[in-house]
Amino acid sequence: MEVNKAKVAIIGAGVSGIAAANVWQKCGYNVTLFEASEQIGGQWNQTYPGVSLQNTAPQYQFSEFPWPFKTERHPSGEDVLNYLKKAIEFFSLKVKFHHRLSRMTADENGWQLTFEHGETDHFAYVIIATGQYPGGDKKRQPDFENIALYQGEVITNIDSKAVFENKHVAVVGFGKTALDFATWSAELANSTKHIFRTPRWTIPDYLLGIDYTKPFFARIGSGMMPSWGYSTVMQKLLHNKLPFLVKGFWRFINGLFLFQHRKDAKLGSIDKNVLDVVMPPKSQFMADFRSASAVAPKRYYEYIAHQNITPYRGEVSGFFEHGIVLSDGRKIEADLICLCCGNDAPDYHFLPEQYRQYLKGEGGPALYRHQIDPRIPNLGFAGYNHGFLHIALAEMGALWQVAAYEQSIQLPTETEMLASADRIRQWKKTHSSYESTFNIAVNTRYQQHLDILMQDLGISKWRKLPNPIAEVFSRYDPTDYKGAVAEYLAKQPTTASSINRTTAVPVDA
C-alpha cells in the first residue's frame with residue numbers, strides 16, 4: 001500500500017484523540033493533535049482530585065501499549081494521565097498545546113483551521129475528539145429558584161476532598177461524581193445528605209468474589225445485552241426468538257446485584273430494607289446499563305446502612321437561606337451543596353452554522369456508526385462510541401474512519417445512513433435511562449458495536465479464535481484488537497488505482 005502523507009488534524013488530546021491519532025498515523029497519515037490546554041489528558045486533566053478509573057486497568061489500555069508500570073485495579077486519575085503521556089511518547093505522536101480551535105472553514109480539499117491565537121493551517125481530514133463531556137470541569141448548574149438567597153457554598157466540582165471537612169454537606173445527583181462525593185463526604189463531614197430524584201443501578205466491583213469484568217466482558221455476557229443491532233446469528237436468535245432466556249438471565253443478574261450490594265453494606269442485624277431508598281425498581285435494571293452506569297464506590301452502601309449518609313428521594317425545586325427545598329416542601333439544611341447534575345451536550349461553535357445545525361439534537365449528534373455525519377465531508381468524531389471497552393472502541397472507530405475516507409468501505413446512501421443513526425437514537429431514548437449525552441455512546445452494547453465495525457472493515461470479529469472456548473467464555477480486552485490495523489493494511493491494494501471495497505453491513509444492524 002502506498003504511504004499517504006495527507007495531513008490530519010485531531011482536536012483534543014484526550015484518550016480518544018490519542019487512540020485515533022495512533023491509528024491514522026499507522027495508516028500513513030501526517031497527524032497532529034491540537035490541545036487547548038497546557039497538557040494532554042482531556043477529561044483526566046480536568047476532573048476532580050481523588051477520582052479513579054471506573055474501568056479496570058486491563059480493560060483500559062491501548063491495544064499495542066500495555067500499562068508500563070504497576071497500578072491499582074482501578075487506576076487513579078494521576079496514573080491514567082501518566083499512562084497517556086507515556087503513550088504519546090511510545091506512539092511518537094505530534095501534539096500542539098495551547099491551540100484552542102476558533103473556526104473551521106470547509107473547501108473541496110478539506111478544512112482550513114483557525115486557532116484563537118491566530119494561527120491557521122489546512123488539513124485533508126479533521127477529527128473532533130473533545131469527548132462526551134467537553135465542558136471539562138465546567139459542570140451543569142441548573143438555575144434553581146432562590147439560589148441567590150442561599151447563604152452557604154454551592155459547588156459543582158472540587159479541588160480537594162478537604163472541602164468536605166467539618167461541613168454539613170448535601171450532594172445532589174446519582175451519577176459517579178455524586179456517589180464519589182457522598183462517599184468521601186461521609187468520611188470527613190459533620191453530616192452528609194444525598195438527594196436524588198431517581199436512584200440508579202450501580203455495578204458491584206465483585207460478584208460473589210468474582211471480578212465483574214470476567215462475566216460481562218466475555219461474549220457469554222455481552223451477547224445477552226439487548227441492543228439496536230446484533231452482530232451474530234446466536235444473538236439474533238436469542239433476542240428475537242428466545243427473549244424469555246434473555247429476561248431470565250438478567251433477572252438472575254439483578255438478584256446477584258441485590259445480594260452483593262446488601263453484603264457490601266455489612267448489614268449485620270440491620271433490616272435489609274434500609275437500602276430501599278437507594279435501590280431502584282427491578283424494572284429499571286436494563287435501562288440503567290448506559291454510559292453513565294457507575295461502579296459502586298467501595299463503602300457507599302455501607303455508609304447508607306449505617307447512617308453515615310442520609311438519602312432523600314426527591315426533586316430539588318429551589319433553595320432557601322440555609323439549604324435546599326424539595327418539590328414536596330421538605331427543607332434540607334446544609335452549608336455546602338454539591339450539584340452533580342452532569343454536563344450539557346457538546347456545542348460545535350467552531351463549525352459553520354449549517355453543520356452545527358446537523359449536529360444538534362437531544363442527547364448529542366446522531367452519527368452513522370457513531371463516527372460520521374454523511375452530510376459533513378472530511379470530518380469524523382473520536383470517542384463518540386463511548387463504552388465499556390472504550391479505548392478499543394476509539395481505535396476501531398478510527399480505523400473505520402480511515403477505511404471510509406479511503407473508500408475501501410462501500411457505504412450506504414446518505415439517506416440510509418441518516419435513517420440508521422436516527423433509528424439508533426430513538427432506540428436509546430426508548431430503552432435507556434436518560435442522560436444528557438446518551439447519543440454519544442454505545443455503553444454496554446460495546447461488543448455488538450465493535451463486531452459491526454469489524455464486519456464493515458472486512459476483518460474477523462472473532463478475536464480469540466482458533467480457541468472457541470476462549471471466544472465465548474474468556475474476557476475480551478483491548479489487546480484482542482492488537483494487529484487489527486495491520487490486518488486492514490494487508491487487505492488494501494498496492495496502488496491507489498485498484499480500490500478493493502467491502503460493503504457495510506445492513507443499516508439496521
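Remember, it's a predicted structure, so these values are computed and weren't measured experimentally.
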Any side-chain heavy atom of [X] sitting closer than 4.5 Å to one from [Y]?
| X | Y | result |
| --- | --- | --- |
| Ile440 | Pro346 | yes |
| Asn439 | Lys428 | yes |
| Tyr60 | Pro75 | no |
| Thr192 | Asn308 | no |
| Thr232 | Trp462 | yes |
| Phe65 | Lys86 | yes |
| Leu339 | Val316 | no |
| Leu367 | Ile372 | no |

Report the residues that fulfil ring-ring contact (aromatic ring centres under 6.0 Å, His included) with His239, sequence neighbours left out, ordered by chain and then residue number. Tyr230
Just by modelled atom types, is the [Y] backbone N or O under 3.5 Å from a matching donor or acceptor in the [X] side chain?
| X | Y | value |
| --- | --- | --- |
| Thr310 | Lys193 | no |
| Ser420 | Glu416 | no |
| Gln448 | Val442 | no |
| Asp456 | Val505 | yes |
| Asp211 | Thr213 | yes |
| Asn385 | Leu393 | yes |
| His322 | Lys331 | no |
| Gln54 | Val295 | yes |
| Gln235 | Ser231 | yes |

Would you say [Y] and [X] are linked by a side-chain donor-acceptor pair, where the criterion is simply a distance under 3.5 Å?
| X | Y | result |
| --- | --- | --- |
| Asp451 | Gln455 | no |
| Glu471 | Tyr476 | yes |
| Ser227 | His431 | no |
| Thr202 | Tyr300 | no |
| Ser433 | Arg290 | no |

Does atom [atom1] of [X] have more than 12 heavy-atom neighbours from other groups under 6.0 Å away?
| X | atom1 | value |
| --- | --- | --- |
| Phe249 | CZ | yes |
| Glu165 | CD | yes |
| Lys464 | NZ | yes |
| Arg330 | CZ | yes |
| Asp328 | CG | yes |

If I compare all heavy atoms of [X] with all of [Y], which pair ends up nearest, and what's the gap?
| X | Y | result |
| --- | --- | --- |
| Ala129 | Gly17 | CB-CA, 3.6 Å |
| Ser16 | Gly383 | OG-CA, 3.3 Å |
| Phe320 | Val325 | CD2-CG2, 3.7 Å |
| Thr183 | Pro297 | OG1-CB, 3.6 Å |
| Gly397 | Gln371 | O-OE1, 3.3 Å |
| Arg200 | Asp288 | CA-OD2, 3.2 Å |

Hey, could you give me the [atom1]/[atom2] distance between [X] and [Y], rounded to the nearest 0.5 Å?
| X | Y | atom1 | atom2 | answer |
| --- | --- | --- | --- | --- |
| His449 | Arg369 | NE2 | CZ | 8.5 Å |
| Phe196 | Glu315 | CZ | CD | 13.5 Å |
| Glu362 | Ser436 | CD | OG | 10.5 Å |
| Tyr481 | Ile391 | OH | CD1 | 14.0 Å |
| Lys214 | Ile210 | NZ | CD1 | 8.0 Å |
| Thr156 | Ile337 | OG1 | CD1 | 13.0 Å |

Is it true that [X] and [Y] have ring centroids separated by less than 6.0 Å?
| X | Y | answer |
| --- | --- | --- |
| Phe257 | Phe285 | yes |
| Phe174 | His194 | yes |
| Tyr83 | Phe69 | no |

Which is it for Arg219 and Met234 under the side-chain contact (heavy atoms from CB on, under 4.5 Å) test, yes or no, and what are the steps along the way? CA-CA 11 Å; Arg219 285 188 181 274; Met234 182 57 71; over 6 Å; no
Establish, for the pair Arg73 and Tyr206, whether the NZ or CZ atom is under 6.0 angstrom from the six-membered ring centre and no further than 45 degrees off its axis. yes
Test: salt bridge (charged side-chain N to carboxylate O under 4.0 Å, His left out). Region: residues 237-248. Which pairs qualify, not counting sequence neighbours? none
Begin from the C-alpha positions of Thr198 and Gln284 and carry the test side-chain contact (heavy atoms from CB on, under 4.5 Å) through to its verdict. CA-CA 10 Å; Thr198 307; Gln284 192 178 301; 3.7 Å; yes
ring-ring contact (aromatic ring centres under 6.0 Å, His included) with Phe289: which of Phe438, Trp201, Trp250? Trp250
If we check salt bridge (charged side-chain N to carboxylate O under 4.0 Å, His left out) with Glu487, which of these qualifies: Lys482, Lys461, Arg463? Arg463
Would Arg445 and Trp427 count as a side-chain contact (heavy atoms from CB on, under 4.5 Å) here? Give the steps. CA-CA 12 Å; Arg445 285 82 186 174; Trp427 190 97; 3.5 Å; yes
Test side-chain contact (heavy atoms from CB on, under 4.5 Å) on His74 and Asn55 and set out the steps. CA-CA 6 Å; His74 296 281; Asn55 215 328; 5.9 Å; no
Under the rule for side chain to side chain contact (heavy atoms under 4.5 Å, CB included), what residues qualify as partners of Gln426, not counting sequence neighbours? Asp422, Lys429
